[in-house]
Amino acid sequence: MSKLYFRYGAMNSGKSTALLQVAHNFEERDQAVLLVKPAIDTKGNRQVVSRLGVSREVDVLLNKTDSLRQAVTDALSTRDRGLAPVTAVLIDEAQFLTPHQVDEALEVAIFEEIPVLAYGIRTDFQTRSFAGSQRLMEIAHTLEEMKTICRCGRKAIFNARVGDSGRIKEGAQVMIDGEHARYEALCAKCFLSD
């Protein structure tokens with residue numbers, strides 16, 4: 001049975017890098033993957049972009065009103081028959097999925113029998129769950145935390161939003177890294193002390 005996986009972590013925990021490495025590992029063994037990214041993540045436009053400088057174009061750029069299951073089905077049906085079959089669906093920035101799209105990711109894993117590996121952060125800069133992450137925490141078969149460290153050396157679990165004048169504590173939930181703000185992964189002590 002194929003499963004839905006949620007691999008989550010604070011900013012800079014290597015989620016996009018790990019996704020790209022997983023894609024490489026499958027393809028190195030002549031197995032194809034389908035890369036999906038929510039369109040709300042405008043960093044890199046149609047690419048998954050790692051802070052290490054590695055990037056790759058996605059196969060499906062998903063809008064909030066799009067059906068994830070239909071997008072995957074369409075992508076599978078339009079693939080060149082001479083290509084290797086898709087053996088995994090990899091989703092970057094999964095926190096931006098809608099709860100319905102997460103439910104459809106589970107349907108892809110169960111009914112299409114293709115493992116779905118979703119990568120994203122759990123909470124925003126105010127420690128509030130993203131809708132997609134919350135639903136993934138509720139229904140994913142496997143939850144895997146990807147770890148990173150705070151500036152003090154402790155395990156980082158929170159994402160602080162930082163602007164030109166320091167830490168930002170209010171504002172819209174979604175502000176893409178690098179456009180108008182940047183993010184710093186912090187431990188609970190540093191997060192609460194700032």
Side-chain angles (χ1 to χ4, degrees), residues 5-27 33-68 71-72 75 88-99 101-102 104-105 116-137 144-151 156-186 191:
Y5 298 83
F6 183 34
R7 295 178 176 167
Y8 65 92
M11 302 293 287
N12 284 322
S13 60
K15 297 174 299 298
S16 295
T17 303
L19 178 147
L20 293 170
Q21 181 65 51
V22 167
H24 172 77
N25 291 348
F26 273 106
E27 292 168 343
V33 297
L34 193 66
L35 265 62
V36 178
K37 174 179 136 173
I40 193 170
D41 177 30
T42 55
K43 184 176 79 176
N45 297 317
R46 290 193 56 88
Q47 294 192 330
V48 171
V49 178
S50 162
R51 285 182 173 76
L52 292 181
V54 183
S55 63
R56 176 176 168 167
E57 189 161 332
V58 298
D59 301 295
V60 176
L61 195 61
L62 199 65
N63 290 299
K64 280 194 173 289
T65 57
D66 293 342
S67 164
L68 173 67
V72 168
V89 173
L90 308 178
I91 304 172
D92 194 38
E93 304 294 350
Q95 71 272 10
F96 297 137
L97 296 175
T98 67
Q101 289 169 333
V102 173
E104 290 180 311
V116 177
L117 291 77
Y119 294 78
I121 58 178
R122 284 183 314 148
T123 60
D124 65 15
F125 72 108
Q126 295 176 316
T127 70
R128 304 285 187 255
S129 292
F130 284 94
S133 298
Q134 181 175 340
R135 190 66 181 141
L136 280 159
M137 295 295 263
E144 298 175 26
E145 182 180 19
M146 300 181 68
K147 297 172 179 70
T148 191
I149 59 170
C150 178
R151 58 184 166 205
I157 59 171
F158 294 115
N159 304 298
R161 184 180 287 171
V162 182
D164 293 335
S165 58
R167 177 126 170 245
I168 299 169
K169 296 187 178 183
E170 294 184 11
Q173 184 178 46
V174 177
M175 188 174 286
I176 302 302
D177 186 28
E179 288 184 354
H180 303 289
R182 62 187 189 285
Y183 293 87
E184 180 182 8
L186 298 174
F191 186 85

Asker: List in chain and number order the residues that pass ring pair (Phe, Tyr, Trp, His ring centres under 6.0 Å) with F130, two or more places apart in sequence or in another chain; answer none if no residue qualifies.
Answerer: F96

Asker: Taking all non-hydrogen atoms of both residues into account, name the closest pair between A10 and S13 and its distance.
Answerer: O-OG, 2.8 Å

Asker: To the nearest 0.5 Å, tell me how far M146 CE sits from I121 CD1.
Answerer: 13.0 Å

Asker: With side chain to side chain contact (heavy atoms under 4.5 Å, CB included) as the test, pick out the partner of Y5 among L90, V116, L117.
Answerer: L117

Asker: Are the charged groups of K37 and D41 less than 4.0 angstrom apart, N to O?
Answerer: yes

Asker: Walk me through whether V48 and L19 qualify under side chain to side chain contact (heavy atoms under 4.5 Å, CB included).
Answerer: CA-CA 9 Å; V48 171; L19 178 147; 4.2 Å; yes

Asker: Is any side-chain heavy atom of R128 closer than 4.5 Å to a side-chain heavy atom of T123?
Answerer: no

Asker: Nearest 0.5 Å please: distance from the CG atom of L68 over to the CG atom of L62.
Answerer: 5.5 Å

Asker: Rounded to the nearest 0.5 Å, how far does CZ of F125 lie from OH of Y183?
Answerer: 6.5 Å

Asker: Just to verify, what does R151 make a salt bridge (Lys or Arg N to Asp or Glu O under 4.0 Å) with, not counting sequence neighbours?
Answerer: E184, D194

Asker: Establish, from distance only, whether the side-chain atoms of T17 and S50 form a donor-acceptor pair under 3.5 Å.
Answerer: yes

Asker: Can you check whether M11 reaches R51 side chain to side chain, under 4.5 Å on heavy atoms?
Answerer: yes

Asker: Which residues pass the salt bridge (Lys or Arg N to Asp or Glu O under 4.0 Å) test with K15, not counting sequence neighbours?
Answerer: none

Asker: Hey, does Y119 have a side-chain heavy atom less than 4.5 Å from the side chain of E93?
Answerer: no

Asker: Find the distance between CZ (R56) and NE2 (H24) and round it off to the nearest 0.5 Å.
Answerer: 10.5 Å

Asker: According to ring pair (Phe, Tyr, Trp, His ring centres under 6.0 Å), who are the partners of F191, at least two apart in sequence or on a separate chain?
Answerer: F158

Asker: Which heavy atom of L186 sits nearest a heavy atom of A160, and at what distance?
Answerer: CD1-CB, 3.5 Å

Asker: Side chains of V89 and V33: does their closest heavy-atom pair fall under 4.5 Å?
Answerer: no

Asker: Would you check if there is a donor-acceptor pair between the side chains of D92 and S16 at a distance under 3.5 Å?
Answerer: yes

Asker: Do the side chain of N159 and the main chain of A185 share a donor and acceptor less than 3.5 angstrom apart?
Answerer: no

Asker: Taking N12's backbone N and O only, do any of them form a donor-acceptor pair with T148's side chain (distance below 3.5 Å, no angle check)?
Answerer: yes

Asker: Mind checking salt bridge (Lys or Arg N to Asp or Glu O under 4.0 Å) for R122 and listing every partner two or more places apart, or none if nothing turns up?
Answerer: none

Asker: Taking C-beta and beyond as the side chain, do S67 and E104 meet within less than 4.5 Å on heavy atoms?
Answerer: yes

Asker: Do side-chain atoms of Q101 reach the backbone of N63 as a donor and acceptor pair under 3.5 angstrom?
Answerer: yes

Asker: Please report the interatomic distance CD(Q47) to CD(E57), rounded to the nearest 0.5 Å.
Answerer: 6.5 Å

Asker: Is a side-chain donor or acceptor of Q95 paired with a backbone partner of S133 at a separation under 3.5 angstrom?
Answerer: no

Asker: Say you draw a straight line from OG of S55 to NZ of K43; how long is it, rounded to the nearest 0.5 Å?
Answerer: 11.0 Å

Asker: How close do D66 and L61 get, heavy atom to heavy atom, and via which atoms?
Answerer: OD2-O, 4.0 Å

Asker: Quick check: do F6 and V102 have side-chain heavy atoms less than 4.5 Å from each other?
Answerer: no

Asker: Taking side-chain contact (heavy atoms from CB on, under 4.5 Å) as the test, write out the residues that go with D59, two or more places apart.
Answerer: L34, L35

